[in-house]
There are 2 protein chains.
Amino acid sequence: MSKKHPQFTSHMEAALAEARAAAARGEVPVGAVLVAPDGRVVARAGNRTRELSDPTAHAEVLVIREACAQAGSERLPGHVLYVTLEPCPFCAAVISAARIARLVYGAADPKSGGVAQGPRIFAQPQAHHVPEVLDGIAAREAEELLKGFFAAKRGGGAAPS
Amino acid sequence: MSKKHPQFTSHMEAALAEARAAAARGEVPVGAVLVAPDGRVVARAGNRTRELSDPTAHAEVLVIREACAQAGSERLPGHVLYVTLEPCPFCAAVISAARIARLVYGAADPKSGGVAQGPRIFAQPQAHHVPEVLDGIAAREAEELLKGFFAAKRGGGAAPS
């Protein structure tokens with residue numbers, strides 16, 4: 001865990017724990033934690049696309065939907081989203097729609113990322129809301145989790161838990 | 001309804017009916033219908049973001065999630081999605097993730113569209129799957145519904161039903 005941003009480490013550690021739990025369920029190991037303006041953790045989740053047969057059940061979407069349902073609102077102003085991997089274009093667009101104030105993420109995703117690469121959703125003139133973005137937080141840990149998971153899949157072994 | 005594509009009219013009419021029902025509920029009037037490879041309509045929905053307090057509850061996402069749950073799969077190969085408005089970047093990314101074979105849509109959406117404008121999700125080198133796209137089907141009807149809805153909102157009147 002990076003020591004450069006100690007204020008982020010506990011939430012990112014919780015997100016990494018969700019990513020590990022996702023791997024143990026055979027899901028792509030990505031985890032997310034959503035923090036309210038008062039500092040309370042309002043939702044935490046790992047990917048569940050396979051379990052739920054739902055291509056939208058990415059960790060980020062699950063925590064945003066849960067927090068919106070709790071709040072009775074489509075929007076979450078002032079909230080901070082921690083996620084272990086760069087959000088895909090789909091998640092980035094939901095983050096913008098939900099008016100998330102700040103996005104803190106771990107590893108870059110050259111294959112499917114939509115924030116710093118690909119369609120760069122927040123840089124589009126269409127983006128109705130652009131969160132503050134902090135990247136590279138606990139990136140090494142997040143990346144190793146993903147690499148281990150896909151190496152085990154290719155090797156036909158069990159997903160690492 | 002356009003006479004140029006008679007084979008699409010009944011499904012697009014059903015999508016327009018969903019859009020009208022959404023307007024009557026105070027939701028942005030967009031409707032979608034999902035058709036299986038055997039021609040069966042497997043899901044139909046209008047927007048429900050307000051009702052469900054869910055920023056992801058766009059018509060396209062609702063029909064894809066429902067059909068995936070029915071199929072017990074994250075993917076819907078061979079399926080055709082009819083939607084009254086150009087999908088946003090978020091919906092376009094979900095359409096790609098779900099491996100929808102063909103997307104038929106009505107009105108263009110210069111403000112929030114993600115197919116023919118903005119991030120042009122399907123044109124990104126990252127797009128893992130690109131559906132066949134047919135646009136402009138029943139575009140006038142879809143556009144008039146949206147214009148009427150937003151004019152009524154601005155005027156403080158009731159949403160048109």
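So that the names make sense, note that chain A is the first sequence line, chain B the second, and so on, each numbered from 1.
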Using only the distance criterion (under 3.5 Å, no hydrogens considered), which donor-acceptor pairs connect chain B with chain A?
residue	atom	partner	partner atom	Å
B/T49	OG1	A/E74	OE1	3.2
B/S53	OG	A/G72	O	3.3
B/S53	OG	A/S73	N	3.4
B/D54	OD2	A/R65	NE	2.8
B/D54	OD2	A/R65	NH2	3.3
B/R65	NE	A/D54	OD2	2.9
B/R65	NH2	A/D54	OD2	3.3
B/G72	O	A/S53	OG	3.3
B/S73	N	A/S53	OG	3.4
B/E74	OE1	A/T49	OG1	3.2
B/S112	OG	A/H128	NE2	3.0
B/G113	O	A/Q126	NE2	2.6
B/Q126	NE2	A/G113	O	2.6
B/H128	NE2	A/S112	OG	3.0

Mind checking whether A/P119 and B/P89 have side chains closer than 4.5 Å, heavy atoms only?
no
Which one of A/A127, A/A93, A/P55 has the most heavy-atom pairs closer than 4.5 Å to chain B?
A/P55
Hydrophobic cluster membership, with links at side-chain heavy-atom distances under 4.5 Å among I/L/V/M/F/W/Y: are A/V42 and A/L62 in one?
no
Heavy-atom proximity to chain A below 4.5 Å, by part of B/L76:
neither
Is there a path from B/V63 to B/L52 through hydrophobic residues (I, L, V, M, F, W, Y) whose side chains come within less than 4.5 Å of each other?
no
According to a hydrophobic-cluster definition based on side-chain heavy atoms being under 4.5 Å apart (Ile, Leu, Val, Met, Phe, Trp, Tyr only), do B/V133 and B/I64 belong together?
yes
Tell me the ring-ring contact (aromatic ring centres under 6.0 Å, His included) pairs involving residues 30-52 of chain A, sequence neighbours left out?
none
Between B/P110, B/A67, B/G113, B/C88, the one whose heavy-atom pairs under 4.5 Å with chain A are most numerous:
B/G113
